Amino acid sequence: MSEQTLPEGASPRLHRFGQWISRRIVRLPFRVRVHRAERIPRTGPVVLVANHSSLLDGPLLIGMLPRPAVFLIKQEMFKGALGWFLRRIGQIGVRRGEADRTPLLTAVRVLKAGGLVGVFPEGTRGSGDVESAQHGAAWLARASGAQVLPVAVRGTRRPEGRGRRLLPRIDVLFGEPIALPAGKGRTGLVVATEAVRTELVELIAELDRLVADHRDDDVRGKRA
């Protein structure tokens, strides 16, 4: 692991430990199915964009990646021991609703060094359907020349009105890396952001079909 693909002050050794925790411990209470992980670029600058419906999304994704991963995380998480750990494994705090370019510039430096930066374009947790997207992911990709890797996640959010689930299933589908359309100024950024949102929406629909097919296969298997 190159130290340049993590922000200054991060520990590559602790980052590997964080990914180990994700793979071995965070996933324990779930049945996780990862689809098309071979699409993840092993090298080069990548902006990973994923839908966001649960606090679990980031901790699960970081362990699925075969390379260092720096996620933009809301600043409220950077308190006490957890905040120290997040900084030391290379994660970046972002203040939502504030015009602070410092985290984005830190992320650009990681990308220009050939790293991977993860962003939830919705900006906050919701239904995970990406009805809207903020400009950060597109700005990062355009500023660094990075590819965009869309990722769809389903199953991390507990359905409304449901209690705790026993070994709930989580499905993650990696899309094909894409290059954003060229364009200058604010108009170009808006077009690129919509391209990111569209890719995610289409990938989520693909994952929903895949999950439905698996569910039908499971039902037929039980009847056989």
Side-chain angles (χ1 to χ4, degrees), residues 5-7 10 15 18-19 22 39-41 44-65 67-78 86-87 89-153 156 172-181 188-204:
T5 59
L6 294 174
H15 187 91
Q19 289 186 308
S22 173
R39 291 172 169 171
I40 304 170
V46 173
V47 176
L48 180 153
V49 293
N51 60 319
H52 196 24
S53 57
S54 166
L55 279 173
L56 277 170
D57 297 329
L60 281 171
L61 282 173
I62 196 172
M64 296 177 188
L65 299 168
R67 54 184 293 186
V70 175
F71 276 80
L72 300 183
I73 301 173
K74 64 179 182 179
Q75 186 63 41
E76 293 90 332
M77 300 295 294
F78 287 77
L86 289 174
R87 291 186 188 90
I89 66 172
Q91 309 311 289
I92 301 173
V94 178
R95 299 185 188 278
R96 295 178 296 182
E98 295 186 17
D100 183 4
R101 290 169 62 93
T102 302
L104 293 179
L105 294 176
T106 300
V108 166
R109 285 194 290 271
V110 170
L111 291 166
K112 287 188 173 181
L116 182 150
V117 173
V119 182
F120 298 107
E122 293 164 281
T124 187
R125 298 189 307 278
S127 64
D129 293 325
V130 198
E131 296 176 354
S132 64
Q134 298 185 7
H135 298 312
W139 187 89
L140 286 173
R142 284 156 54 87
S144 63
Q147 296 185 89
V148 172
L149 176 68
V151 185
V153 182
T156 56
V172 178
L173 173 62
F174 289 90
E176 294 282 359
I178 63 168
L180 293 183
L189 182 59
V190 170
V191 170
T193 298
E194 183 58 21
V196 169
R197 194 190 73 83
T198 299
E199 286 289 333
L200 268 180
V201 168
E202 292 177 354
L203 191 67
I204 291 165

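All values below were derived from every heavy atom in this structure, side-chain atoms included, with hydrogens, water molecules and symmetry-related copies excluded. Source: prediction; values computed, not measured.
- The shortest non-hydrogen separation linking A107 to L72 is CB-CD2, 4.3 Å.
- For the pair P7 and V70, the tightest heavy-atom approach, listed with the atom from each and the gap, is CD-CG2, 3.7 Å.
- Residues meeting the side-chain contact (heavy atoms from CB on, under 4.5 Å) test with Q75, sequence neighbours left out: F78, R87, R95.
- Between the E199 side chain and the P177 main chain, no donor and acceptor come within less than 3.5 Å of each other.
- You'll find the side chain of T198 reaches within 4.5 Å of the side chain of E202, heavy atoms only.
- Panel note: side chain H15, backbone Q91; no donor-acceptor pair is recorded below 3.5 Å.
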task = Evaluate the criterion side chain to side chain contact (heavy atoms under 4.5 Å, CB included) for residue pair L60 and V153; output intermediate values, then yes/no.
result = CA-CA 10 Å; L60 281 171; V153 182; 5.9 Å; no
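- I73 approaches M77 most closely through the heavy-atom pair CG2-CG, 3.8 Å.
- Taking CG from L105 and CZ from R109, the interatomic distance works out to 6.5 Å, rounded to the nearest 0.5 Å.
- Within the 4.5 Å cutoff, no side-chain heavy atoms of F71 are placed close to those of L86.
- For E76, the side-chain contact (heavy atoms from CB on, under 4.5 Å) partners are K74, R96, not counting sequence neighbours.
- Each of V46, I40, V151 was evaluated against L65; a single residue qualifies, I40, per the side-chain contact (heavy atoms from CB on, under 4.5 Å) test.
- Pairing each heavy atom of T5 with each of A113, the nearest pair is CG2-O, 3.9 Å.
- Taking every heavy atom of both residues into account, P121 and A50 meet most closely at CD-O, 3.3 Å.
- Residues passing the side-chain contact (heavy atoms from CB on, under 4.5 Å) test with A141, sequence neighbours excluded: V47, V148, L180.
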message = Checking V94 against L104 for the side chain to side chain contact (heavy atoms under 4.5 Å, CB included) test, could you report, in this order, the C-alpha distance in whole Å, the side-chain angles of both residues, the deciding distance, and whether it holds?
response = CA-CA 9 Å; V94 178; L104 293 179; over 6 Å; no
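- Residues L149 and P41 form a side-chain contact, since some pair of their non-hydrogen atoms from C-beta on lies under 4.5 Å apart.
- Shortest non-hydrogen contact noted between S144 and L111 is OG-CD1, 3.4 Å.
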